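Proteins come first, then strands; the chains are lettered A, B, ... in the order of their sequence lines, and each starts at number 1. Here the structure is a predicted model, which is why all the values come from computation and not from measurement.
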2 protein chains.
Amino acid sequence: MRPASLLLALAVPTIAVGAASDVPVREPPTLASVLAAAGPDDWHTPDPADLVYFDLEGERRVIVELAPAFAPRHAENVRRLTRQLYWDDLPILRVQENYVVQWGDPDADDPGKARPLGEAASPLDPEFVRPAAGLAFTRLPDGDVYAPQVGWVQGFPAARSSATGEAWLAHCPGMVGVGRGNDPGSGNGSQLYVVIGHGPRHLDRNITLVGRVLSGIEHLSSLPRGSGPLGFHEDPGHWVRIESARLAADLPEEAREPLQVLRTDTATFGQLVESRRNRHEPWFHEPTGVVELCNVPLPVRRLPADGDTGAPPSR
Amino acid sequence: MRPASLLLALAVPTIAVGAASDVPVREPPTLASVLAAAGPDDWHTPDPADLVYFDLEGERRVIVELAPAFAPRHAENVRRLTRQLYWDDLPILRVQENYVVQWGDPDADDPGKARPLGEAASPLDPEFVRPAAGLAFTRLPDGDVYAPQVGWVQGFPAARSSATGEAWLAHCPGMVGVGRGNDPGSGNGSQLYVVIGHGPRHLDRNITLVGRVLSGIEHLSSLPRGSGPLGFHEDPGHWVRIESARLAADLPEEAREPLQVLRTDTATFGQLVESRRNRHEPWFHEPTGVVELCNVPLPVRRLPADGDTGAPPSR
């Protein structure tokens with residue numbers, strides 16, 4: 001008897017096609033059936049002012065969605081840096097196995113050589129947490145090692161505490177944070193990192209998360225690892241250059257990518273979470289019955305070029 | 001004020017130098033201080049019969065330690081396959097973002113073209129769980145979303161249930177499993193996968209884990225992602241070839257790599273876990289107070305070539 005060549009169940013967080021809202025959700029739901037049944041209103045088009053396109057050399061694009069609901073000052077700084085072309089020709093400095101990829105100005109610590117921050121504010125007060133009040137929070141019922149409650153806010157993995165009344169973003173793969181030194185207030189958004197390994201949730205509330213990668217994370221996670229301490233490249237010859245970074249809002253409409261993210265405050269998303277708590281794909285022997293925050297996919301789709309997917313999605 | 005260029009705390013699970021047992025552990029412990037204070041008896045030399053060296057084209061070596069305590073039948077099959085040179089010239093078939101890298105025979109499903117399994121048994125009864133009795137289990141006190149108890153057994157992340165009396169290995173990054181089809185008994189060890197993203201713990205008890213990568217995981221995790229479903233490469237031109245796989249026990253002594261793993265049943269390891277539960281490096285603002293199973297590093301060291309690190313380590 002031969003082993004089947006298709007092994008392990010689907011775990012693809014990005015789908016490429018539009019929704020077909022006339023496909024009924026079968027019971028029990030699977031990720032595939034939930035997404036097939038999602039309607040236009042289940043999808044959200046991010047604000048172009050919150051989308052940064054980082055174009056790496058070699059035609060590799062990484063799209064980051066900022067999270068101003070959690071880090072308004074840092075999101076605004078990233079917008080300002082982007083608009084003054086701060087990132088253009090800066091390198092990816094660090095690729096640490098099972099941890100983070102980081103980019104920024106290699107001379108940031110040298111006042112004589114550092115690239116000017118221009119209109120960007122520096123330093124910025126940290127945005128490690130914010131008040132939980134006022135945030136629509138979709139709660140995951142399965143608990144968490146690191147936080148009293150976890151779930152999602154506006155498409156981002158998040159946590160909160162009723163004891164402190166605080167909410168914060170969670171370090172799941174693909175989350176984008178603001179590098180800082182030992183001083184909690186030393187970050188400003190000019191050094192950014194992306195989580196590429198097991199979610200380092202111990203960084204939660206220790207550093208400002210400012211967004212997440214919607215597209216192209218494979219261009220970062222598959223980079224050769226840096227050989228120096230913390231995965232920094234010792235040889236600048238190993239840097240990968242950022243050719244340009246642009247805010248989608250500053251591009252003509254036709255140059256913007258038609259990305260949508262699945263809303264996390266809908267019945268459809270509730271079904272998606274359920275489909276991951278109890279796996280009903282035929283491959284599964286033990287359906288588990290629970291799921292961890294960072295193992296719930298947050299689907300992103302690319303609309304067809306002609307855009308004929310029905311009514312425009314709303315938040 | 002400029003941001004410091006060294007950002008985020010140390011999370012390197014592999015260290016390169018020998019132990020210096022005369023360095024006292026300072027209070028409170030950090031990962032660095034715990035490792036500096038570890039003595040020779042804190043380290044374990046894996047059995048060469050449990051080590052497989054996968055040499056990929058381009059002089060990239062991946063070393064896997066088998067876990068016969070949990071999967072004796074599958075470990076033995078992997079040894080047999082290795083000894084009959086089953087892997088030589090087979091490719092890496094699949095690289096799925098934030099999930100797994102998998103290798104094996106691309107023709108495994110075609111009886112006319114499949115590489116013979118020879119002395120290896122197929123199919124094998126699954127080894128998803130085993131009795132917890134008889135295993136020295138170092139328990140993590142911080143709970144877990146997926147299992148009643150988690151911790152470590154003989155250097156591997158594991159879980160157990162007092163209700164069922166079962167124990168099993170846990171899908172943390174670097175863990176190596178045995179691909180299978182929908183039939184739980186359809187795996188045999190001829191298709192192997194390695195976790196490269198956030199620990200897909202929902203696979204626990206659904207598939208046989210047979211070991212973990214001790215060295216060289218970056219050669220797998222940094223591979224370009226496959227463009228087909230589940231990350232399989234659609235174009236065989238994108239396959240990476242395994243030049244050879246050899247059991248360390250079958251190599252002359254001088255060709256074996258002097259790797260040691262930190263024991264997980266010692267007071268030193270208890271301090272290491274504590275150093276990760278409460279982070280005392282100056283960078284940390286909020287020490288967290290807990291840690292998740294897959295975020296505890298399992299250090300591996302390479303002894304100096306002259307081997308002069310004192311007494312030989314014991315289990």
[X] side chain to [Y] backbone, donor-acceptor under 3.5 Å:
| X | Y | result |
| --- | --- | --- |
| A/Tyr146 | B/Gly289 | no |
| A/Asn206 | B/Phe284 | no |
| A/Asn295 | B/Pro200 | no |
| B/His198 | A/Gly199 | yes |

Quiz prompt | Heavy atoms of other groups near B/Glu59 CD, more than 12 under 6.0 Å | solution =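 Not more than 12 within 6.0 Å, no.
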Quiz item: Between A/Val145 and B/Val291, what is the shortest heavy-atom contact and its length?
Solution: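 So the two residues come closest at CG1-O, 3.7 Å.
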Self-check item: Nearest heavy atoms of A/Pro173 and B/Asn98, plus distance in Å
Solution: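 Closest heavy-atom pair between A/Pro173 and B/Asn98: CG-OD1, 3.8 Å.
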Atom [atom1] of [X] and atom [atom2] of [Y]: how far apart are they, to the nearest 0.5 Å?
| X | Y | atom1 | atom2 | result |
| --- | --- | --- | --- | --- |
| B/Ser222 | A/Ile196 | OG | CD1 | 9.0 Å |
| B/Arg205 | A/His285 | CZ | NE2 | 9.0 Å |
| B/Cys294 | A/Glu292 | SG | CD | 7.5 Å |

Quiz item: Who pairs with B/Ser221 by side chain to side chain donor-acceptor pair (under 3.5 Å), at least two apart in sequence or on another chain?
Solution: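 Applying side chain to side chain donor-acceptor pair (under 3.5 Å) to B/Ser221 gives A/Glu97, A/Arg225.
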Quiz item: So, do B/Arg180 and A/Trp283 sit near enough that their side-chain heavy atoms are less than 4.5 Å apart?
Solution: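 A side-chain contact exists here, since the closest heavy-atom pair is under 4.5 Å.
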Quiz item: Which answer fits B/Pro184, side chain, backbone, both or neither, if we ask what part of it has an atom under 4.5 Å from a heavy atom of chain A?
Solution: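 Only the side chain of B/Pro184 comes within 4.5 Å of chain A.
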Quiz prompt | Proximity breakdown for B/Thr288 and chain A, heavy-atom pairs closer than 4.5 Å | solution =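 It is the side chain, since no backbone atom gets that close.
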Practice problem: Could you tell me which portion of A/Asp144 (side chain, backbone, both or neither) has an atom closer than 4.5 angstrom to a non-hydrogen atom of chain B? | Solution: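 Only the backbone of A/Asp144 comes within 4.5 Å of chain B.
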Practice problem: Quick one: list whatever passes salt bridge (Lys or Arg N to Asp or Glu O under 4.0 Å) with A/Glu127, sequence neighbours left out. | Solution: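 So A/Glu127 forms a salt bridge (Lys or Arg N to Asp or Glu O under 4.0 Å) with A/Arg73.
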